[in-house]
Structure formats: structure tokens, C-alpha cells
Amino acid sequence: MTPRETRSSTADLFADAPTEPRSEALVSGAVVLRAFAIPYVTQIFTALRTITAAAPFRHMVTPGGFEMSVAMTNCGAYGWVTDRTGYRYTADDPESGLPWPSLPEAFGQLAVAAAAAAGFGGFAPDACLINRYAAGTRLSLHQDRNERDFDAPIVSVSLGLPAIFLFGGARRADRAQRVPLWHGDVVVWGGPARLHYHGVLPLAAGEHSITGPYRFNLTLRKAV
Ligand code: SIN
Ligand code: FE2
């Protein structure tokens, strides 16, 4: 644990999984929409099977040469990739040379509805990064800044095992809030919070009735 994180045990943070939709502000421009994705879950997992058959999960390499512990794939017109040459969006999956699988209608509908519920009308996502976390997988603090402009928000959908999301400030050193995220929760950040640092603490081992030993996260973005 680093000093900028709030001190409280993971067990305490996971105590109460919200079952009713409600919205919780994190900072101006960032909100957690509890259970917002629940009505879309069946369609999401049906679509995920098709997507990952065409574009399987893989562990990408950072420009510094480290293999990411998060397994990733994409759907939509553009997909986020990293390799030794840097971070960027591509129209094709570098593994297959084929276009990324298209964005399922349910993903688009969920993202537009969540963005609107958070106060961002007219969201038109063209990219969806799909992350898969196993026990111990983490995502270090980073900004989402490979998109062409920062007017559109980021919509992040949590599925499966719970995780502790870190939501910090505009500077890396700013204290990060620890936000437990459960199956079906959606986080939206944009406007004044668009470039805030965020990450995920190492996933605790567990078993989820739908996703087994994994947590999945979809982040819908307007890349281009
Ligand atoms: C991300 O920042 O791309 C993913 C965040 C998450 O997994 O909740
Ligand atoms: Fe991110």
C-alpha cells in the first residue's frame, strides 16, 4: 500500500455489495452507477464469446518490455494496443491482421445510456477495450490519454469478481480513492475528471457464478 491510498482493509471495502441501482459521485465529472449494467449482462456475455473466438485474450507488452498481467482484447472500429513501439489505437488486431470484431449493439446502448446518466449526452463510442483479471492481476495508476480528444467520457463496466478501483486526481501523486466495484457496476469519468489517474488493486482470488475465477472490465471510449 502506498501512502496516498486510504488505509482500510479489503474485507471492509467489500462488505456491502449494492443490489439496487444508485449513483455515487467520486469527484466532479466522475460517478459510479451501481448495478447499471445488470440488464445487459446476458447480451454482454453472449457477445463476448463471439468476440474472443475471433480476437482471443492476450498479454500485451509495454513499451518498457514488461508483459501486462491483465489479459486484453478489443471490439469496435478501433482497439487499444501496446507493444515495444508504444501505446496506440489500431483498426486491425495485430495478432490476426483482421479488423477488430465490431462493437455489439448492447455495448453501445449500455455505454450511451451510462454516459447520459452521468451527464454526458451524445456519447458515440468507437472503441471497447476488454480486460480480463485473474487472481493477483493489477493495473497500475495511469491516465487514458491515447484518444484523439478528451471531450468524450470513458465508460467502464465491471463484470464478475469484485475489485478495488483506485480513482486519483489529475496528478499521479494525488491521493487515490479506493472504490469497490462489483458485477454490474459502471464508472463514468469525463469533463474535469477525464484525465484523472486510475488503476486496479491486485484482484483477490474468488469464484463468481458467471465468470468463475475472473473479473472482466469493458472500457468504452471515443478513440478517433
Ligand atoms: C482501465 O483503466 O482500462 C480499466 C479499469 C478497470 O478495470 O476497472
Ligand atoms: Fe484506464
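What you see is a predicted model, and the numbers here were worked out from it, not measured in a lab. Both counts, for ligands and for their atoms, begin at 1 and track the order of listing.
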Q) Which is it for Val187 and ligand 1 at heavy atoms under 4.0 Å: side chain, backbone, both or neither? A) neither
Is the ring centre of [X] less than 6.0 Å from the ring centre of [Y]?
{"X": "Trp100", "Y": "Tyr78", "result": "no"}
{"X": "Trp189", "Y": "Phe165", "result": "yes"}
{"X": "His196", "Y": "Phe167", "result": "yes"}

(Q) For the residue pair His142 / Asp144, report whether a side-chain donor-acceptor contact shorter than 3.5 Å exists. (A) yes
Q: Could you tell me whether the side chains of Tyr89 and Arg148 share a donor-acceptor contact shorter than 3.5 Å?
A: no
Q) Is there any N or O on Asn217 that sits under 3.5 Å from an N or O of ligand 1? A) yes
Q) To the nearest 10°, how many degrees is the angle Asp144 OD1 to the Fe ion (ligand 2) to His142 NE2? A) 90°
How close does the nearest protein non-hydrogen atom get to [atom], and which residue and atom is it?
{"atom": "atom 8 (O) of ligand 1", "answer": "Arg215 NH2, 2.9 Å"}
{"atom": "atom 7 (O) of ligand 1", "answer": "Tyr133 OH, 2.5 Å"}
{"atom": "atom 1 (C) of ligand 1", "answer": "Leu139 CD2, 3.5 Å"}

Q: For His198, take its heavy atoms, then give the atoms of ligand 1 lying under 4.0 Å from any of them.
A: 2 (O)
Q: Salt-bridge test for Arg22 and Glu24: reply yes if a basic N is under 4.0 Å from a carboxylate O, no otherwise.
A: yes
(Q) Do the side chains of Arg194 and Glu147 get close enough for a salt bridge, i.e. N-O under 4.0 angstrom? (A) yes
Q. Of all N/O/S atoms in His198, which lies nearest to the Fe ion (ligand 2)?
A. NE2
Q: Only heavy atoms count here, so choose which of Arg221, Arg138, Gln143, Met72 is nearest to atom 3 (O) of ligand 1.
A: Arg221
